[in-house]
There are 2 protein chains.
Amino acid sequence: MPRAVAPPDATDTSLRQQVYESVREALTMGRFAPGQKVTFRYVAGVLGVSLTPVREALRRLVAEGAFEMNPNRSVRVPLMTRDKVLELRDIRMELEGLASAKAAMAATRSQIAGIRRAAREIIVARNRGDGATDRQKVREYHFAVYAAAGQPTLLRLIESLWLQTGPYMNLLYPDFISSSRGPAGRQRLIEALQTRNAAAARREMAEDIRRALSYVADLADENGNIAPAAPTAVTRRRRQPAGAASFDLHAN
Amino acid sequence: MPRAVAPPDATDTSLRQQVYESVREALTMGRFAPGQKVTFRYVAGVLGVSLTPVREALRRLVAEGAFEMNPNRSVRVPLMTRDKVLELRDIRMELEGLASAKAAMAATRSQIAGIRRAAREIIVARNRGDGATDRQKVREYHFAVYAAAGQPTLLRLIESLWLQTGPYMNLLYPDFISSSRGPAGRQRLIEALQTRNAAAARREMAEDIRRALSYVADLADENGNIAPAAPTAVTRRRRQPAGAASFDLHAN
DNA sequence: TCGCCGAATTTGTGATCACAAAAATGCTTT
DNA sequence: AAAGCATTTTTGTGATCACAAATTCGGCGA
């Protein structure tokens with residue numbers, strides 16, 4: 001998967017960055033419960049570091065909307081509501097539609113090949129009933145498209161939005177997925193990229209997002225709240241110096 | 001100017017927040033030179049605080065795109081290029097267009113009145129040749145529209161984008177402003193809000209942004225770089241305990 | 001005068017500490 | 001047993017310190 005632009009903090013080995021990535025992944029994997037308070041000392045304890053890097057990592061996640069601050073200064077996982085999902089849906093339709101349109105105008109042959117490969121791998125995983133790999137490949141497919149747009153700021157914004165919706169994408173499995181027109185839509189998008197049809201690319205991507213997030217919004221209870229699906233299987237953390245474990249749900 | 005939504009960190013009195021606001025304002029006012037390295041100890045010294053709150057404030061600004069990190073861990077003011085302006089232009093057209101469309105569907109009478117008032121104040125300032133007030137009122141006008149949309153996440157994203165383009169909006173004065181169709185466009189937008197014409201509201205706002213940022217992009221030199229206009233007059237900082245001064249250009 | 005190399009300085013990072021606000025606990029009283 | 005209140009514990013905040021990496025500076029040699 002070639003990345004045309006936006007070299008990420010690949011070489012950042014600071015503890016702050018490691019903590020950021022660990023917590024971010026735990027969040028994406030749904031390993032924190034919505035509304036759960038996450039204390040600095042808890043994270044520091046789990047990862048075996050001091051408060052300093054934890055504070056900076058968590059504050060960054062707050063700035064990105066992945067966490068929110070209590071009025072009285074503590075950090076918690078945001079509760080998802082129908083209104084919030086609908087807001088995110090409309091924003092994502094705009095931005096990811098824009099990125100797809102730009103990708104249609106800028107994508108190279110090899111980038112399109114990478115997108116096509118990711119699309120194939122989605123089908124393979126889906127046929128196997130492998131939901132975890134499915135989700136992973138869907139993400140790769142999407143970001144392969146967005147990376148082909150060659151717009152670093154746009155890519156950053158989209159990543160921030162995925163961080164907010166990520167824990168709730170589990171809810172699409174398995175019911176929504178099986179009824180989805182997914183493969184055909186992706187096929188049309190790829191054709192649009194090849195024919196440099198920006199409007200068609202935008203339309204396909206926006207429509208995909210509309211369907212998925214509208215489905216999630218409809219899962220809200222009478223109060224408008226949406227509970228995330230059960231977290232995916234807890235895979236052990238790598239790294240982590242001494243006695244550090246992975247995050248656990250309902251910790252603290 | 002009624003704020004329908006998104007109660008900001010109004011009651012956050014932490015040093016971190018104060019540092020964040022100070023640096024953010026200095027950045028918006030163009031008091032830092034593009035490419036300038038901003039060291040933690042310098043900011044801490046100017047504001048009379050320790051490194052701790054400064055680090056968190058600057059890291060947040062990095063996360064918001066207002067600063068960027070050197071590969072070898074230091075923070076600097078991003079250089080603006082034509083490509084970046086064009087990218088920001090297209091993103092802003094989408095998001096601020098979306099916000100305007102939502103505002104057309106949701107704005108209350110009193111919100112529309114506030115928007116109209118801001119539009120009038122722009123004209124007054126412009127007739128006086130008061131560029132600083134002009135810019136201030138333009139900002140108020142835009143955010144009055146966006147606040148009327150009632151979409152907190154969208155508002156946050158737009159604020160982040162303004163933070164990135166802010167220091168370069170000086171460049172519109174006075175040449176672009178005098179040739180602009182500004183007042184008429186704002187009048188049409190307000191009419192669209194009143195008639196609940198979302199498509200028209202979106203079109204007017206997007207067109208405004210397109211013209212302004214296209215103009216800025218055309219100011220790039222042969223290398224694609226864009227220099228910001230001279231900073232506006234340095235107004236003294238408030239607060240600041242002991243011996244602390246305001247930021248100065250080319251500091252360090 | 002220019003380029004190179006080692007020392008001195010600057011600067012970001014992470015840990016630790018003291019402190020105050022907030023939250024939790026437990027005791028008392030009705 | 002429930003509600004109020006004081007005490008203890010938890011938790012975020014900000015300052016300070018030690019350290020290593022990066023940068024700057026100064027002098028030497030070509």
Side-chain angles (χ1 to χ4, degrees), chain A residues 9-23 32-33 35-63 66-78 239-244 247-248 250-252, chain B residues 9-23 32-33 35-63 66-78 239-244 247-248 250-252:
Chain A
D9 6 50
T11 55
D12 189 344
T13 61
S14 66
L15 280 185
R16 173 188 354 108
Q17 182 69 15
Q18 294 178 32
V19 171
Y20 171 79
E21 288 168 7
S22 290
V23 176
F32 294 114
Q36 175 184 353
K37 189 167 67 176
V38 176
T39 66
F40 293 178
R41 282 176 172 86
Y42 165 66
V43 175
V46 171
L47 299 183
V49 299
S50 80
L51 290 181
T52 312
V54 171
R55 286 206 284 184
E56 297 188 11
L58 255 41
R59 296 239 159 262
R60 174 172 171 189
L61 287 163
V62 168
F67 283 104
E68 64 185 16
M69 265 189 73
N70 276 332
N72 2 317
R73 68 174 193 168
S74 83
V75 167
R76 64 162 179 249
V77 182
R239 193 174 8 83
Q240 252 72 269
F247 293 103
D248 196 359
H250 299 107
N252 205 0
Chain B
D9 6 51
T11 55
D12 190 344
T13 60
S14 66
L15 281 185
R16 172 185 359 105
Q17 182 68 15
Q18 294 178 33
V19 171
Y20 171 79
E21 288 168 6
S22 290
V23 175
F32 294 114
Q36 175 185 352
K37 189 167 65 175
V38 175
T39 67
F40 294 177
R41 282 175 173 84
Y42 165 66
V43 174
V46 170
L47 298 182
V49 298
S50 80
L51 290 181
T52 311
V54 171
R55 286 205 284 183
E56 298 188 10
L58 288 189
R59 296 241 159 260
R60 173 173 172 190
L61 287 163
V62 168
F67 283 103
E68 65 185 15
M69 264 189 74
N70 276 332
N72 5 316
R73 67 171 193 170
S74 82
V75 167
R76 64 159 181 249
V77 182
R239 190 174 15 80
Q240 253 70 270
F247 294 104
D248 198 0
H250 298 106
N252 204 359

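Remember, it's a predicted structure, so these values are computed and weren't measured experimentally. Order of the sequence lines fixes the chain letters, A, B, ..., with proteins taken first and strands second; residue numbering starts at 1 for each chain.
For the helix from C:dT1-D:dA30 to C:dT30-D:dA1, the axis fitted to the five pairs at one end and the axis fitted to the five pairs at the other end meet at an angle of 10° (nearest 10 degrees).
Distance CD (B:Q18) to P (D:dT13): 13 Å, rounded to an integer number of Å. The distance from atom CD of A:E56 to atom C1' of D:dG12 is 14 Å, rounded to the nearest whole Å. When rounded to the nearest whole Å, the span between CE of A:M69 and C1' of C:dA21 equals 13 Å. For the pair B:F40 CZ and C:dT13 C1', the computed distance is 9 Å after rounding to whole Å. Protein atom CG of A:D12 is 12 Å distant from nucleotide atom P of D:dA22, rounded to whole Å. One atom, CZ of B:F67, and another, P of C:dG12, lie 12 Å apart when rounded to the nearest Å. Taking atom NZ of A:K37 as the reference point, atom P of C:dA21 lies 17 Å away to the nearest angstrom.
Remark: B:S50 engages no residue in a side chain to side chain donor-acceptor pair (under 3.5 Å) (not counting sequence neighbours). Taking the side-chain contact (heavy atoms from CB on, under 4.5 Å) definition, one finds that B:V75 meets it with B:F40, B:V62, B:F67, B:M69, sequence neighbours left out. Looking at residues two or more places apart in sequence or on another chain, you find a side chain to side chain donor-acceptor pair (under 3.5 Å) between A:S14 and A:D12.
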> Can you check side chain to side chain contact (heavy atoms under 4.5 Å, CB included) on A:L58 and A:V23, steps first, answer last?
Replying inline: CA-CA 8 Å; A:L58 255 41; A:V23 176; 4.1 Å; yes
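Candidate nucleotides C:dT13, D:dT23, D:dG12 were compared by shortest atom distance to the side chain of A:R16, and C:dT13 ranks first. Comparing atom distances between the A:R73 side chain and each of C:dT11, C:dA20, C:dT13 picks out C:dA20 as nearest.
Nearest heavy atoms, B:V49 versus B:V19: CG2-CG2, 4.1 Å. Across every non-hydrogen atom of B:K37 and B:S74, the tightest pair is CD-OG, 3.4 Å. Residues A:S22 and A:L47 share a closest heavy-atom pair of CB-CD1, 4.1 Å. Taking every heavy atom of both residues into account, A:A33 and A:V77 meet most closely at O-CB, 3.5 Å. Nearest approach of B:T13 to B:Q18, heavy atoms of both residues: O-NE2, 3.0 Å.
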Pick out the pairs of N or O atoms, protein on one side and nucleotides 15-19 of chain C on the other, that lie under 3.5 Å.
{"unit_1": "C:dA15", "atom_1": "OP2", "unit_2": "A:S50", "atom_2": "N", "d": "2.9"}
{"unit_1": "C:dA15", "atom_1": "OP2", "unit_2": "A:S50", "atom_2": "OG", "d": "2.4"}
{"unit_1": "C:dA15", "atom_1": "O5'", "unit_2": "A:S50", "atom_2": "OG", "d": "3.3"}
{"unit_1": "C:dA15", "atom_1": "N7", "unit_2": "A:T52", "atom_2": "OG1", "d": "2.5"}

